[in-house]
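See below for the structure under consideration.
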Amino acid sequence: MSDPFDLSSFQPAPPAPPPSTPPAPPPWLEGLNPEQRQAVETTDGPLLVLSGAGTGKTRVLTTRLAYLLHQRLARPWEIMAVTFTNRAAREMRERVGELIGPPAEQLWLGTFHALGARLLRRHAELVDLKSNFTILDADDQLRLLKQLMQAANLDPKRSPPPALMGCIQRWKDRGLTPEAVPTSDRGAMDGFAHRLYGPYQERLKTLNTCDFGDLLLHCLTVFKSHPEEALQPYQQRLRYILVDEYQDTNVAQYLWLRLLAQGHRNLCCVGDDDQSIYSWRGAEVGNILRFEQDFPGANVIRLERNYRSTPRILAAASELIANNRDRLGKTLKSGHAPQSASQGDDDALGERLRVRAVWDGEEEARVVAEDLIAHQRDGGRLSDAAILVRTGAQTREFEERLMTTGLPYRVVGGPRFYERLEIRDAVAYLRLIAQADDDMAFERIVNKPRRGIGDATLKTLHQLARAGGLSLSAAATEVLGSDELKPRAAKALDGFLQQIAGWREVAAETPPGELMSRVLKESGLIDMWRADPDPQAPGRVDNLRELCTALEDFESLETFLEHVSLVMENEEAALGDRVTLMTLHGAKGLEFELVFLAGWEEELFPHRRALDQEGLKGLEEERRLAYVGLTRARRRVTISHAANRRLFSQWQSCLPSRFLDELPDAHVVREGAKGLSGGRAGSFGGGSGLGWDGPSWARPKPDRHIERPTPTPPATRPAAPDGEAAFSPGQRVFHDKFGYGTVTRAEGGKLDIQFEKGGAKKVMARFVVAA
DNA sequence: ATCGATCGATTTTTT
DNA sequence: ATCGATCGAT
């Protein structure tokens, strides 16, 4: 394994790479269209590639990398390719590898954060860190901030820690250290954010830790304060820099790139302003909009030929996004079908987009499931379909439905493996073993499982640590030498320290996976979860096992811990044929044959918060999100909106999203839901408690024309027979929510049912049908 | 030190 | 509905 940042192996490069006879053009240039090819072959100077959805962006990037190497314009370690996500980095490395083989390994290729981290480790001492600094995740960040707030006597009610944290992070995104925060910004959050920012940074340094923002922010500091030592070598070395998803870069990333690119000025940024959906996280669309001013003499190439979606989908997406003002302007053209297709030729244009009105979220999920079953019956694969939602919470109803229907699915971007409670605890053990002064880890696990080390003991340790400038571990050793603790607590603490010390020795001669299983067993963590009656506990035990397996792939504890901090995801288990369920944000960069876009309702999408906080800018970003959603689909788009939705514990009636009005009628077919007004209303059993006064979408609204739903009874739930159907034990039944089950007891209108998924339940007979 | 109950606030997106 | 924080009892 070579470390691209290892300057020790760096020999002053020949002034220019030998411009020997340029090799013949390689075969992989052949398949490119003229614009793509131009984007690959324009190697000199700043270049902006505006790449619309589905126009072969990744292909251009990877081919460009291969081209640079093939033409001997640079050696692998003289090229940096930066991505936004780990997924993109992985994919790029794979695909470049396919083109050029092993040299791909030596490219500086990774996410901003990964590259930033590796760079920073080389120069950590310049910002008062040690090169083995740890990387804090969101959870630890927040805990730390809360501690500081407590020390400063700030009321977490009046100033919510997450909001304060967000504020600090946005400063970091803009490349602002505490001193550099402009006075106009210092009043934010009643001034508390700025008041805490400095101490927060101090604390991080004491702990020899960085948060995510620091990985870039500290780089900038280092670049500026020690250019000759920590910047120029890189500037000279990096002949070419490529950036993916440039529209998502924040100011800090922009500055970082600009500094590194100053040597050779061969900066190639690829992006799409229409897909900028991360402004809330500090991303600056301005970066891409300003590119030509920032880098005078820049070339701009537009990729507009879309090879992914049908003409109808492209037309719909284009018309929708045309409602945005701040854009560089691109028009997606269909890349395949030569325009020979005559206007009325439906086949050539592809299917119309379907817009479907449903009663509520449950029905929404049900119809999607029905469509999926039909799709399967037609020989389609589930893995060709995706359900895209605006917020993570929306996945739940779909999960329930898919589970009861027996359709395999996967949730992308759900609670991630390394973020799970039990995993974080287990990893904290490893962290403490690897680094005794990892106080965050120490605090996290010192009393987990319970070993009688409570708040009182911890408080003593904190005091001592602060007074003596010690880590908690060191303070613990100190305190045991004194008699400050009660014997009982002292004994427990001593036992804990000894255990950790013991594992530390084991770690030296044992592979990480084995170490982990020993720790889990000997610490009692595993037993703790085994003994937990919580229904989720067994799953946690499984996760811990999986963790041990995952650890087998790592050489050392250190490499694993770096992986955990930066990658945060576990290799996905072999998937099989599953439908994908995820948020719109998570879907960027992916494509599917069939796409279901759920929850297109005002307040939810566009999301109310986006509108409240950012006004028009927020709306435009939501619209870009819609654009991203539409352009994920190759063949078929199905949009749904519910008339009612439960938002926290309350029912709310919803209006269809304004985005629906922005889709061209010519390419859309609007459907009412099956059985909406017929069977459904009755199934609420005269429950007028909902205060429903008719489907909101049916209320007259001048510029909307949504058909009234046809009163067809729902396919999966025939109305229950009026004279209470006679169910008897042993009978197989179907319940709308719980799926299939067997009756174990029947008494009047009430049944006991053993469901195949979800266990035993008591259910009113009218809610089930014979299966 | 630990546990349980109660109360209140909180809901976007995540490298 | 779910999560945290807080408080009082054991």
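These numbers were taken from a predicted model, which means no experiment stands behind them. Here is the naming used below: chain letters follow the sequence lines, and residue numbers restart at 1 for every chain. We use all heavy atoms of the structure for the numbers below, so side chains are in, but hydrogens, waters and symmetry mates are not.
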Protein-nucleotide distance ([X], atom [atom1]; [N], atom [atom2]), rounded to Å:
X       : N       : atom1 : atom2 : result
E622(A) : dT13(B) : CD    : C1'   : 9 Å
Y418(A) : dT15(B) : OH    : C1'   : 17 Å
F84(A)  : dT15(B) : CZ    : P     : 9 Å
Q141(A) : dT14(B) : CD    : P     : 16 Å
I277(A) : dT15(B) : CD1   : P     : 12 Å
E620(A) : dT13(B) : CD    : P     : 22 Å
Y254(A) : dT15(B) : OH    : P     : 25 Å
L216(A) : dT15(B) : CG    : C1'   : 10 Å

(message) Between R444(A) and D425(A) (salt bridge meaning N to carboxylate O under 4.0 Å), is one present in this structure?
(response) yes
(message) Considering every strand and a 4.0 Å limit on heavy-atom distances, what is the contact class for G392(A): base, sugar-phosphate, or nothing?
(response) sugar-phosphate
(request) May I ask you to say what K146(A) touches in the nucleic acid, namely base, sugar-phosphate or nothing, with a heavy-atom cut-off under 4.0 Å? (result)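 Sugar-phosphate contact only - K146(A) comes under 4.0 Å of backbone atoms but never of a base.
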Within the 4.5 Å heavy-atom criterion, are [X] and [Y] side-chain neighbours or not?
X       : Y       : value
R366(A) : E363(A) : yes
L215(A) : I135(A) : yes
F605(A) : L625(A) : yes
V82(A)  : L242(A) : no
M92(A)  : L65(A)  : yes

(message) Please determine whether any donor N or O and acceptor N or O are separated by less than 3.5 Å between the side chain of H113(A) and the base of dT15(B).
(response) yes
(request) Mark yes or no for a side-chain to base donor-acceptor pair under 3.5 Å between R609(A) and dT12(B), with no hydrogen or angle criteria applied. (result) no
Could you tell me whether [X] and [Y] have their ring centroids closer than 6.0 angstrom?
X       : Y       : value
F291(A) : Y246(A) : yes
H585(A) : Y278(A) : yes
F442(A) : F496(A) : yes

(message) Can you pull out the residues from residues 280-289 of chain A that lie within a 4.0 Å heavy-atom distance of DNA chain B?
(response)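 W280(A), R281(A), in order of number.
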(message) Taking 4.0 Å as the cut-off, does a side-chain nitrogen or oxygen of T583(A) come that near to OP1 or OP2 on dT14(B)?
(response)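 It does, given that an N or O in the side chain of T583(A) lies less than 4.0 Å from OP1 or OP2 of dT14(B).
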(message) How long is the straight-line distance from OG1 of T249(A) back to CZ of F84(A), given to the nearest 0.5 Å?
(response) 8.0 Å
(request) Could you work out the separation of dG4(C) and dT13(B) based on their P atoms and round it to a whole Å? (result) 16 Å
(request) Sugar-phosphate atoms are those with a prime plus P, OP1 and OP2; base atoms are the rest. Using that split, label each nucleotide of nucleotides 1-9 of chain B B, S or - for protein heavy atoms under 4.0 Å, 5' to 3'. (result) SSS------
(request) Hey, which sits more toward the 5' end of DNA chain B by its nearest nucleotide, E419(A) or R390(A)? (result)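 The residue mapped nearer the 5' terminus is R390(A).
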